[in-house]
Amino acid sequence: MSSETERLVGRLLDSSQGSVTISSTSTSSAQGVKQPSPDGNMSRSVSALEINPDKDKLNRELKERQEKMKARESLKAMQAFREKLPAFKMREEFLKAVAHNQVLVVSGETGCGKTTQLPQFIMEEEISSLRGADCNIICTQPRRISAISVAARISSERGEALGETVGYQIRLESKHSAETRLLFCTTGVLLRRLAQEPELTGVSHLLVDEIHERGMNEDFLLIILRDLLPRRPDLRVILMSATINADLFSKYFADAPMMHIPGFTFPVEEFFLEDVLEKTRYNIQSESDNFQGNSRRRRRQQESKKDPLTEVFENVDIDSHYKKYSTTARQSLEAWSGSELDLGLVEATIQYICRHEGDGAILVFLTGWDDISKLLDKVKINNLLGDTNKFLVLPLHGSMPTVNQQEIFDRPPPNKRKIVLATNIAESSITIDDVVYVIDCGKAKETSYDALNKLACLLPSWISKASARQRRGRAGRVQPGVCYRLYPRIVHDAMPQYQLPEILRTPLQELCLHIKSLQLGSIGSFLSKALQPPDPLAVQNAIELLKTIGALDDKEELTPLGRHLCTLPVDPNIGKMLLMGSIFQCLNPALTIAAALAYRDPFVLPINRKEEADAVKRSFAGDSCSDHIALLKAFEGYMDAKKSGKARAFCWENYLSPVTLKMIDDMRMQFLDLLSDIGFIDRSKGASAYNHYSNDLEMVSAILCAGLFPNVVQCKRRGKRTAFYTKEVGKVDIHPASVNAGVHLFPLPYLIYSEKVKTSSIYIRDSTNISDYALLLFGGNLSPGKNGEGIEMLGGYLQFSSSKSVLELIRKLREELDKLLNRKIKEPSLDISTEGKGVVVAAVELLHNPNIRYHSGPNS
DNA sequence: GAGCACTGC
């Protein structure tokens, strides 16, 4: 698998460029940059550019080079291709609009060339007008892969190596140089850069792409830009969006002018459920077949989980609305329920295409792992069309091992049809060129945030019209295509225009911290300026959390801890884990666990071997009762295997993703650099100075507790089983994929967790079993219990009781620890190893199951 | 007894 992965990555990076993470690129590689220039060879002229302060000369040189390059025979074909793009016809109009307006909104459909051509037009124009030296164009992209691939594409259109005039920068990876005039970066990179460069000094043009997707970073950037524009009258901002809601952005920027570029894709024919039923003759079984009478009416009576789109359909009179359709189709429509996906219908549609349509890959949009897995089984069991050699059925899901495999992109051999069963990863992140048929189930899993219960949710819901359009477009990339929608047209017509923006669907603590770090004023008033301001309760929850972990004070100002957290590009809780890990000499585990939590789970979820994958994860956890320790051990195993050149085999045998582990490894290095920058690490002291307790499970758990608090679960004995409770939502379940699922009796009374998500139930996704002492010493603030007895935490939700002397000891120790911590955080370079030793050793002793016993936790 | 998708000088 790894070789495929490397090939894929190589392909994306334009393999001729080799691997990356450099900031200046040699000009001697790839497409023809060796072309002699007036001063001799190109590389000499480049170094001359870098040291030459004479702008006129630089302007002239840039222009000469551009003209020379354009005249080259090898670029003629490329130029002809560019001139065919719809964007090309708008070149002059676009440049005029940019020259005359500070903000311009450009809308365009896929295939119009807006992302590759518009930034390039600006650069060419600036260079031609002898303004090349002062031109510094930035174009943001929401995804890492598009930042790289667009930069690579433009470089080759210009006949240059990537990193010359066109470069890119994404987290942990960049390719640009002193001569770079056009930089593609992720929106996140630009937002980080704003901390150093709040006025974007030196940037001449900023293009923000894909704003119609309404990602949180993009919405955040737009608020900042609107405030910045009056202070930067020379800055030009170009907002790029799909056609669908361009006027929303124009209005937000004081009716900025809009420009539309028509798209070019092949036509895609569209069928809805009623047509699909007519074609396939598939018979939908009602969920209540035995029930006497009208099933639709029966469903109407089940008012519990009514969704408005299904309701729209149920209010239609089938016989009159669908009178042109056959009786069978009408009967099926009668039985159709929007609440459950009918896999038989999906299969029948696949079969119909295979029997009646021409060649071409089929892409099926499903909601998740479960659908994909079940459909895969069904197709295999039913031996689709009788001949398995004729079909290549591939699952495609972010957590499945296939996600990094080349097979997805390859054209299958003749007479073999590729069928990809995908989530909405195939909507914009992964593009499969040879798709001709799309089957759209109309739903996707979507995160939402329940501010009232402070609960993140992940539930299937109807997609937006924008998504539906995007899915359909996936069929028309190489030739005319067909899209089969497994829902009625009237349901489509009732779909919302766009998905709810991410800023309204997500917890906001990280965003709030970012607002403070960029000194954008009060959190509440800043966010009220958003395109669609988030629920004040969601904002309040975020602020409260930041106060609870000690990042903000009562006046919502950053504390010393909060200021450190701003420099770490992770969720504030994870940032705190990193700081605590470095202070309490558990650095390596903190780096690994923080990186994995911030990025993604390295364990893959193979479709056929989930039991084996489960068992492997459990074996990594040992008897720690901790998913975080399982992560840690898996990563350590990977690093050991890597040393002996066996990383691939190790990943394969242990159901781990090599790509994810590599990213985790790189992120650890970034964290180390940042911790060193802010003074928490002194590299001259060597790694051992920060890892004294790295193999001490109790201490590592305590650091997890320090970072993840207030995410605490109480484990209450209920006979032979254990029940789990959190402060916010009461009873919760341990996620079945957790190593703690099925554990009936925990050695310790609490779990600390990083993620609680409502899906089919409220699940704790990953957890670590911790003691009272971990909470008392490293958790939230202690307050005196009611009646002056015991100790409380989380406003009385957690209660600890013991003898006066023990409680007094704990209070004292905690006080000393806090003092030490506060001094260290105010002055990170302070060496506390000597003066703090006594306190830390005492804490470690207490964590190691001491003889001191007391009753704790809830009355059980 | 179950895992949409992104992102970070």
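Here the structure is a predicted model, which is why all the values come from computation and not from measurement. Just so we're on the same page: letters track the sequence lines, and every chain starts at 1.
- At a threshold of 4.0 angstrom between heavy atoms, the contacts of A:Gln196 include nucleobase atoms, whether or not backbone atoms are also involved.
- As judged by a 4.0 angstrom heavy-atom cut-off over every strand, A:Leu674 is placed among residues making no nucleic acid contact.
- Within the nucleic acid shown, A:Gly215 has no heavy atom closer than 4.0 Å to any nucleic acid atom.
- Looking at heavy-atom distances under 4.0 Å, A:Leu605 makes contact with a base.
- Between A:Leu191 atom CG and B:dT7 atom P the separation is 14 Å, expressed in whole Å.
- The phosphate of B:dG3 has OP1 or OP2 within less than 4.0 Å of a side-chain N or O from A:Thr759.
- Rounded to an integer number of Å, the gap from CZ of A:Arg471 to P of B:dA5 is 12 Å.
- Among the heavy atoms of the strands, none lies under 4.0 Å from A:Glu213.
- Side chain of A:Pro736, nearest nucleotide from B:dA2, B:dA5, B:dG3: B:dA2.
- No hydrogens or angles considered: a donor-acceptor pair under 3.5 Å links the side chains of A:Arg505 and A:Thr447.
- Here B:dC9 presents its P atom at 13 Å from CD1 of A:Ile678, a figure rounded to the nearest Å.
- Rounded to whole Å, atom P of B:dG3 lies 11 Å from atom CG of A:Asp733.
- Distances from the side chain of A:Arg144 to the nucleotides B:dA2, B:dA5, B:dT7 place B:dT7 closest.
- Under the side chain to side chain contact (heavy atoms under 4.5 Å, CB included) criterion, A:Ser760 pairs with A:Tyr763, sequence neighbours left out.
- Side-chain N/O atoms of A:Tyr763 include one lying less than 4.0 angstrom from OP1 or OP2 on B:dA2.
- Look at A:Ser429 and you won't find any side-chain N or O under 4.0 angstrom from OP1 or OP2 of B:dA5.
- In terms of phosphate contacts, A:Arg600 brings no side-chain nitrogen or oxygen within less than 4.0 Å of OP1 or OP2 of B:dG3.
- Side-chain atoms of A:Leu751 and A:Tyr753, non-hydrogen and from C-beta on, never get closer than 4.5 Å to each other.
- When the nucleotides B:dC6, B:dC9, B:dG3 are ranked by their closest atom to the side chain of A:Ile425, B:dC6 comes out on top.
- In this structure, NZ of A:Lys374 is placed 12 Å from C1' of B:dG1, rounded to the nearest angstrom.
- The separation between A:Asp371 atom CG and B:dG3 atom C1' is 12 Å, rounded to whole Å.
- Under a 3.5 Å cut-off, the side chain of A:Thr506 and the backbone N or O of A:Ile503 do not form any donor-acceptor pair.
- In this structure, A:Gln169 reaches the sugar-phosphate backbone alone: every heavy-atom distance under 4.0 Å involves primed, P, OP1 or OP2 atoms, never a base.
- Phosphate proximity of B:dA5 to A:Gln499: absent, as no side-chain N or O sits under 4.0 Å from OP1 or OP2.
- Interface remark: the A:Asp766 side chain does not form any donor-acceptor pair with the B:dG3 base, using a distance-only criterion of under 3.5 Å.
- With the nearest nucleotide of DNA chain B identified for both A:His397 and A:Thr187, A:His397 has the one nearer the 5' end.
- In this structure, the CD1 atom of A:Ile145 is 8 Å from the P atom of B:dC6, given to the nearest Å.
- A:Arg171 and A:Gln670 are linked by a side-chain donor-acceptor pair at a separation below 3.5 angstrom, with hydrogens and angles left out of the test.
- Between the CZ atom of A:Arg214 and the P atom of B:dC6 there is a distance of 20 Å, given to the nearest Å.
- Considering only residues two or more places apart in sequence or on other chains, A:Arg668 meets the side-chain hydrogen bond (donor to acceptor under 3.5 Å, both in side chains) condition with A:Asn588, A:Thr592.
- The 5' end of DNA chain B is approached more closely, in terms of each residue's nearest nucleotide, by A:His735 than by the other of A:Arg143 and A:His735.
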